[in-house]
Amino acid sequence: MTIADPAKMPAAPSLRREFVSPSSRMLLKRYGVFIALVAAALACLLLSFTARSVWLVGFCLLFPLVLVGVFDITQSEHSLLRNYPVIGSVRWIFEAVRPYLRQYLIEDDLSERPFNREDRSIIYARAKNEEDRQPFGTQLDTYAAEYEWMTHSLAPAPVSKEPFRVEVGGPDCARPYSASVLNISAMSFGSLGRNAIEALNLGARNGHFYHDTGEGGFSPYHRIHGGDIVWELGSGYFGCRNRDGTFSPERFAERAADDQVKMVEIKLSQGAKPGHGGVLPAAKVTAEIAETRGIAMGEDCISPSRHSAFSTPAELMEFVAQLRELSGGKPVGFKLCVGHPSEVFALAKAMVKTGIRPDFIAVDGAEGGTGAAPHELADHLGMPLREGLILMRNALVGTGVRSEVRLAASGKVTSGFSMAANMAIGADWCNAARAFMFSLGCVMSMRCHTGSCPTGVTTNDAHLQRGLVVPEKAARVTSFHHRTVSALADLVAAAGLSHPRELLPHHVWHRVSPIEVKPLDRIYPFIGAGSLLEMPEETPYALDWAAADADSFAPVAAVGPRRAA
């Protein structure tokens, strides 16, 4: 008997009949959930007439979902919802809760951005005056790239019990100011709510450190508690402007005479969005904001991208001298996020040419930013703090004016070590913004720009601000400052030093690969005093130095290859 080859036998008829066509199955897949909801809702409605209330409850629960499905099918904005009514909404639900799920359930203590949970936890603990010591060793991978540490001494110094202070004010300053090594960086009233401003200023007063107003002006809420103020002047000259938005010397002199104002800071640019202006729409200009900024109600509040009071580095120095005189001899400086290196050297050349020195310069890192900014500007514009600070330090040292100008560092300062690292490469003190927001109760919900901050920090909504109780949060601001500076004192003493001004680049080491480490002075260039004036060609900055001009922000020579014609 011959056995047929099964592979050559004709295919037998399928035992499973195709009752539903492929296109029908696809429709069922897309609309199955919606159809099931409609059917269940109708069934519950019919069964509710049996006098059992449970069916009516079921109908009441299902009917809103049916309405959602009808809306999804008929709307034209989202194709996903039109094709998958009701069930498509699950995507938006998970997208909305994704940040919270990651923050609280999924991410580990070191993986979050821009501040991981370990950073925030230490701030919260110090703000609340809770235990901040860490058991069982570090969670950091000490053999991973980017790991850094401070070197310690076998002969540690006694831990300083006195708060570290820095004298600010050059020879032309009649009213120098003694600044803490940690202060509140620029955050404007309007960006922050009134309760947040009050709590920060009361905390600064109690902790004896200063509070930068931000470019939004010196508001009534900065005044209530009398904490030390650094008044920041942006390109809008809020609080000291003429009707056309230009600078008013008379109004400035009147405001700057206030004893609460200890220093004046000209904002050239900021880390969050350097080189970018801003507009506060007329609809958002409240009576309080209008009064604080000196603008009219019913009009857009415009912050230009550049200043009108000066247009060259030399004119900036003259503006510094003018503000110093108008303020009665108070320290005047400027803040910037470093951009073109040639412009930094142009500022240094202007100091040499005019003989005018700012009393301080605050370097804002591109990683900073408490407010919202366009994605491209926030992620890819401006120099990070470390590189910007070293460049500014080298410009001042290389032109021989470093001893007359104090340097402040602002950008992701959260701990004693972050302060020590900044001071080792040239900073005299540090400013922090987001760290102090955390001390107020910020939970990094990433809603700063929406006006709906759940903790009442970055909102002017009265109901949300009610959650931020000023005396309670002010105590946390003071506590965070005190304990962070105390942690810095421990590090300084462990290094065998008495003051953070003695920290040098070789005190901080950086792992550049799993098998190689270097101190910072072998990674970054630190040039000698006067070297830019005496032998600029022997420094790494020869081209940028040659392109810099005290009378122009634009480079006057090529700093690199030209584009081919």
Side-chain angles (χ1 to χ4, degrees), residues 162-186 200-215 217-220 222-234 237-241 247-268 309-310 316-336 347 350-351 354-363 396 401-410 427-431 481 499 501:
E162 296 297 322
F164 298 128
R165 313 292 296 188
V166 178
E167 192 78 5
V168 188
D172 297 325
C173 182
R175 301 174 65 180
Y177 175 66
S178 177
S180 170
V181 292
L182 178 61
N183 303 281
I184 300 171
S185 194
L200 289 171
N201 194 256
L202 178 57
R205 187 199 71 184
N206 294 339
H208 306 291
F209 52 100
Y210 76 66
H211 179 191
D212 192 312
T213 64
E215 69 172 313
F218 186 19
S219 76
H222 289 97
R223 292 189 176 91
I224 292 175
H225 302 290
D228 289 354
I229 285 293
V230 169
W231 182 15
E232 182 179 275
L233 296 186
Y237 307 112
F238 299 128
C240 58
R241 56 189 265 142
F247 175 69
S248 170
E250 297 77 19
R251 293 179 181 176
F252 172 80
E254 181 183 351
R255 288 280 181 96
D258 193 314
D259 286 338
Q260 196 179 344
V261 176
K262 303 301 181 183
M263 300 196 294
V264 177
E265 178 180 271
I266 305 164
K267 191 201 88 169
L268 303 180
F310 55 86
L316 169 59
M317 299 308 150
E318 292 167 359
F319 188 53
V320 166
Q322 180 187 12
L323 296 186
R324 189 186 288 131
E325 181 180 357
L326 290 171
S327 66
K330 293 179 180 180
V332 177
F334 53 82
K335 178 184 85 172
L336 78 165
L347 294 172
M351 295 178 207
T354 63
I356 300 169
R357 315 282 192 258
D359 296 294
F360 66 93
I361 298 173
V363 178
L396 297 178
V401 300
R402 176 65 180 90
S403 62
E404 302 174 63
V405 182
R406 296 286 181 259
L407 268 178
S410 175
D428 292 299
W429 76 84
C430 296
N431 294 333
H481 174 273
H499 194 283
R501 73 169 68 93

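Bear in mind that the values here come from a model prediction, so they are computed numbers and not experimental data.
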Any sub-3.5 Å donor-acceptor pair from R205's side-chain atoms to H225's backbone N or O?
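Here the side-chain-to-backbone pair exists.
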Aromatic ring pairing [X]/[Y], orientation class (parallel under 30°, perpendicular over 60°, tilted between):
| X | Y | value |
| --- | --- | --- |
| W429 | Y210 | perpendicular |
| F319 | F310 | tilted |
| H481 | F209 | parallel |

Under a 3.5 Å threshold, yes or no: a donor from one side chain and an acceptor from the other, between D228 and Y177?
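Indeed, the side chains of D228 and Y177 share at least one donor-acceptor pair under 3.5 Å.
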Shortest non-hydrogen contact between S248 and R241, atoms and distance:
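Closest pair (atom of S248, atom of R241, distance): CB-C, 3.9 Å.
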Minimal non-hydrogen separation, P249 against Q322, with atom names:
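In this case the closest contact between P249 and Q322 is CG-NE2, 3.9 Å.
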Among R402, R501, R165, the one residue meeting salt bridge (Lys or Arg N to Asp or Glu O under 4.0 Å) with D428:
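The option that passes is R402.
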Show your reasoning for whether side-chain hydrogen bond (donor to acceptor under 3.5 Å, both in side chains) applies to H211 and N201.
CA-CA 6 Å; H211 179 191; N201 194 256; 3.2 Å; yes
Counting C-beta onward and ignoring hydrogens, is there a side-chain heavy-atom pair between M351 and P358 closer than 4.5 Å?
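Yes. Closest side-chain heavy atoms under 4.5 Å.
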For the pair R175 and D259, evaluate salt bridge (Lys or Arg N to Asp or Glu O under 4.0 Å) and give the outcome as yes or no after the intermediate values.
CA-CA 11 Å; R175 301 174 65 180; D259 286 338; 3.6 Å; yes
Rounded to the nearest 0.5 Å, how far does SG of C173 lie from CE of M263?
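Taking CE in M263 and SG in C173, the distance rounds to 9.5 Å.
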Measure the spacing between CZ of F247 and CD1 of I266 and express it to the nearest 0.5 Å.
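Between F247 CZ and I266 CD1, I get 8.5 Å after rounding to 0.5 Å.
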Before you tell me yes or no, could you show the steps for D212 and K335 under salt bridge (Lys or Arg N to Asp or Glu O under 4.0 Å), namely the whole-Å CA-CA distance, both residues' side-chain angles and the distance that decides it to 0.1 Å?
CA-CA 11 Å; D212 192 312; K335 178 184 85 172; 5.9 Å; no
